[in-house]
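Let me begin by presenting the structure, written as structure tokens, before commenting on it.
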Amino acid sequence: MIPFEYRRAADAQEAVATVAARPDAVFLGGGTNLVDHMKLGVAAPHMLVDVSRLPLTEVEETPGGGLRVGAAVRNSDLAAHPLVRQRYPALARALLSGASGQLRNTATTGGNLLQRTRCRYFQDVTTPCNKREPGSGCAAIGGWDRHHAVLGASEHCIAVHPSDMAVGLLALDATVHVLGADGARSLPLADLHRLPGDSPERDTVLAHGELITAVELPPASAMTRWSTYRKVRERASYAFALVSVAAALDVDDDSGVVRDARVALGGVAHKPWRAGRAEDVLRGAPATEESFRLAAGAELAAAEVRDGNAYKVPLARNTIVAVLRDLTEARR
Amino acid sequence: MEHRITLRVDGTERAVTVDSRTTLLDALRERLGVTSPKKGCDHGQCGACTVLLEGRRQLSCLTFAVAHDGDQVVTAEGLGEVRGDGGLHPVQQAFIEQDGFQCGYCTPGQVCSAVGMLDEAEAGHPSHVTRDLAPPGAPDSPAPLDDGEIRERMSGNLCRCGAYVNIVAALRETATASRGAS
Ligand SMILES: Cc1cc2nc3c(=O)[nH]c(=O)nc-3n(C[C@H](O)[C@H](O)[C@H](O)COP(=O)(O)OP(=O)(O)OC[C@H]3O[C@@H](n4cnc5c(N)ncnc54)[C@H](O)[C@@H]3O)c2cc1C
Ligand code: SF4
Ligand code: FES
Ligand code: FES
């Protein structure tokens with residue numbers, strides 16, 4: 001590891017000014033991803049600006065009835081928060097399915113959103129990787145591709161985004177609040193992460209020096225209160241998702257017709273994947289297994305598979321159907 | 001870059017000069033001679049380095065010591081000290097009674113993780129396998145701790161010897177005893 005300077009930021013403005021002024025400086029959250037990357041040689045910053053102790057640790061109801069989560073709130077505290085458990089169970093379940101008890105006690109909301117892919121070639125500096133070293137090639141294409149993307153990949157990168165929390169937040173229509181050197185801005189979480197295209201080195205649309213200060217959830221509804229998250233992995237716990245599904249359904253009790261739906265997928269793409277095609281099929285359709293299959297099929301019609309990851313398409317389809325069925329049955 | 005920091009380790013104030021690159025785990029083991037936290041993987045994947053940092057179970061291998069100036073760290077060897085009597089913590093006693101280890105390498109991390117885990121459950125925190133996330137009544141009433149819950153909550157601690165069955169038994173015993181008593 002190369003030597004670096006460590007600074008504890010006094011406030012968010014100072015943190016942003018410091019990092020924005022230096023291309024070789026980065027923010028430090030809980031460090032559970034960044035420190036690992038510094039050990040592996042994947043990241044080599046000359047300065048760390050610690051934002052984990054900034055006063056961004058509140059989870060509070062907004063005047064409009066939504067929920068604002070500070071960027072330094074730890075994953076475990078967010079998952080255990082009474083309002084999250086009652087009103088946004090998909091978020092609580094997504095958080096609880098990620099990493100381990102120890103890691104969730106350390107990991108922050110901002111750091112979780114900006115954690116980088118677990119592609120094994122990305123983490124191994126002896127192999128070509130366009131995300132780590134633009135232009136060097138992609139060792140996963142034609143290599144060990146079992147964990148890689150089936151939607152939205154490019155010829156330059158087929159990595160997937162690893163966060164569970166982001167998938168839950170995406171299904172719940174979260175907004176991200178950001179502070180940059182030029183001031184504050186907000187963007188839908190759906191617009192934060194990018195597809196790889198020809199610049200896989202950029203995971204998100206954030207500019208260097210932009211700090212995530214908070215994530216905001218819109219007011220809860222009957223639908224979000226019935227939301228859930230299901231993660232499929234290679235062992236029962238402490239493993240990343242092969243495929244995951246966050247979903248919420250609003251079904252008219254009399255007619256049995258779906259009024260509204262939210263579906264987001266993890267483990268399938270370079271970003272948390274909002275399944276808009278599936279949602280379109282669901283709206284106005286009877287809440288039956290047949291509709292759920294049609295919806296899942298519509299979303300996955302665009303899937304492109306490789307040698308090792310073809311299993312993800314039926315796995316994602318079946319998981320979507322199972323989650324929607326469980327949501328419907330739970331309401332009865 | 002060198003930093004002079006102070007850590008409160010197992011109840012004692014310790015000043016030490018560390019390079020910014022030194023992890024908390026290396027500062028404890030190599031600089032302060034506190035060797036109960038173990039280095040298993042050094043990448044957050046095994047739990048052997050678990051300590052109680054500011055009262056919560058956390059990994060010491062994925063964090064720099066310099067980021068913890070002024071913080072309190074409790075390791076397995078200090079659990080008794082911190083409780084005030086210097087004796088064994090009930091979790092440690094239960095590991096002995098239930099044979100919760102073989103080689104013992106993962107054990108200090110298991111014990112610290114278990115102490116933190118029992119506190120979390122006591123505070124009502126749910127887990128991935130908790131059926132009802134928002135049970136009626138107080139959200140901070142203690143979470144149920146059956147074997148499935150214990151396994152899930154302890155999944156961040158790997159045991160290469162596979163002593164899991166007895167570790168679960170030890171924690172079932174501790175949880176039952178402490179809840180029976182309160
Ligand atoms: C063994 C292991 C298993 C794991 N399993 C899972 C899993 O199953 N599911 C899952 O979702 N995750 C998993 N994780 C990943 C874990 O969730 C992330 O490492 C964690 O959420 C990152 O948060 P952090 O605060 O530690 O981020 P850091 O490591 O501090 O930072 C990550 C990145 O975000 C940047 N950053 C941090 N805060 C901000 C901010 N406020 N604004 C702008 N930039 C910021 C940093 O510069 C860095 O680039 C696992 C990790 C490990 C080590
Ligand atoms: S898939 Fe992306 S992250 Fe993985 S090796 Fe290829 S370019 Fe790198
Ligand atoms: S040594 Fe820290 S988790 Fe393995
Ligand atoms: S007792 Fe040997 S690793 Fe757990």
Side-chain angles (χ1 to χ4, degrees), chain A residues 1-8 28-40 46-48 50 52-53 74 76-77 79-107 123 164 225 228-229 231 235-239, chain B residues 1-3 18-24 41-47 49-67 69 109 112-114 116-117 120-121 123-130 132-135 138-140 143 148 151-158:
Chain A
M1 200 184 296
I2 58 162
F4 63 86
E5 185 183 340
Y6 168 88
R7 286 196 195 172
R8 236 180 233 187
L28 172 68
T32 60
N33 196 222
L34 182 59
V35 176
D36 200 11
H37 285 165
M38 290 170 72
K39 289 182 181 188
L40 293 166
H46 287 109
M47 183 190 280
L48 296 190
D50 192 344
S52 69
R53 298 184 192 237
R74 309 290 166 159
S76 52
D77 295 325
H81 196 281
L83 291 181
V84 175
R85 288 156 65 179
Q86 286 158 17
R87 300 181 183 174
Y88 309 100
L91 174 57
R93 294 238 178 255
L95 283 159
L96 292 170
S97 75
S100 67
Q102 293 97 310
L103 285 158
R104 292 192 296 271
N105 275 339
T106 310
Q123 296 181 324
D164 291 297
R225 286 172 199 270
T228 195
Y229 184 77
K231 176 173 177 179
R235 57 185 187 197
S237 187
Y238 203 17
Chain B
M1 191 167 278
E2 304 260 285
H3 294 260
V18 289
D19 186 282
S20 50
R21 290 170 288 186
T22 312
T23 61
L24 180 60
C41 65
D42 216 19
H43 289 283
Q45 297 173 357
C46 74
C49 65
T50 305
V51 296
L52 294 165
L53 184 54
E54 292 290 283
R56 290 153 58 113
R57 56 173 172 161
Q58 299 187 53
L59 303 179
S60 57
C61 71
L62 288 185
T63 191
F64 293 119
V66 58
D69 188 17
C112 287
S113 182
M117 179 279 280
E120 291 160 13
H125 292 194
S127 86
H128 169 64
V129 300
T130 307
D132 195 355
L133 280 185
D140 51 0
R151 284 200 187 91
E152 164 60 26
R153 288 168 191 263
M154 292 295 292
S155 72
N157 292 82
L158 305 191

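Here is the naming used below: chain letters follow the sequence lines, and residue numbers restart at 1 for every chain. All values reported here derive from a predicted model rather than from experimental measurement.
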Residue part contacting chain B, namely of A:Asp50, when any heavy atom lies under 4.5 Å
side chain

So which part of A:Leu95 gets closer than 4.5 Å to some heavy atom of chain B, the side chain, the backbone, both or neither?
neither

For the atom pair CE (A:Met1) and OG1 (B:Thr22), what is the distance rounded to the nearest 0.5 Å?
9.0 Å

Evaluate the ring planes of A:Phe4 and B:Phe64, with Trp represented by its six-membered ring, and classify them as parallel (under 30°), tilted (30 to 60°) or perpendicular (over 60°).
tilted

Which one, B:His125, B:Arg21, B:His3, B:His128, leads in non-hydrogen pairs under 4.5 Å with chain A?
B:Arg21

Rounded to the nearest 0.5 angstrom, the CG-CZ distance for A:Leu103 and B:Arg57 is 10.0 Å

If you tally heavy-atom pairs under 4.5 Å between each of B:Pro126, B:Cys112, B:Ala134 and chain A, the highest tally belongs to B:Pro126

Closest non-hydrogen atoms of B:Asn157 and A:Gln102, given as atom of the first, atom of the second and distance, are OD1-NE2, 2.8 Å

Which one of A:Glu5, A:Lys39, A:Arg74 has the most heavy-atom pairs closer than 4.5 Å to chain B?
A:Lys39

Sort out for me which of B:Thr50, B:Thr63, B:Leu53, B:Thr23 touches chain A most, counting heavy-atom pairs under 4.5 Å.
B:Thr50

Tell me, for B:Asp69 versus chain A, whether the close heavy atoms (under 4.5 Å) come from the side chain, the backbone, both or neither.
both

How about A:Arg235 and B:Ser155: does a side-chain donor come under 3.5 Å of a side-chain acceptor?
no

Return the option, out of A:His81, A:Gln86, A:Arg93, with the maximum number of heavy-atom pairs under 4.5 Å with chain B.
A:Arg93

In Å and rounded to the nearest 0.5 Å, what is the OG to CD distance from A:Ser100 to B:Glu152?
10.0 Å

Without swapping roles, check the side chain of A:Arg85 against the backbone of B:Leu133 for a donor-acceptor pair under 3.5 Å.
yes

Rounded to the nearest 0.5 Å, what separation is found between the CG atom of B:Leu62 and the NE2 atom of A:His37?
10.5 Å

Counting heavy-atom pairs closer than 4.5 Å to chain B, which one of A:Leu96, A:Leu40, A:Asp77 comes out on top?
A:Leu96

Between CE on residue A:Met47 and CE on residue B:Met1, distance to nearest 0.5 Å:
8.0 Å

Interatomic spacing from OG1 in A:Thr32 to CG in B:Leu59 - rounded to 0.5 Å:
8.5 Å

Which atoms of B:Cys61 are under 4.5 Å from chain A, going by heavy atoms: the side chain, the backbone, both sets, or neither?
both

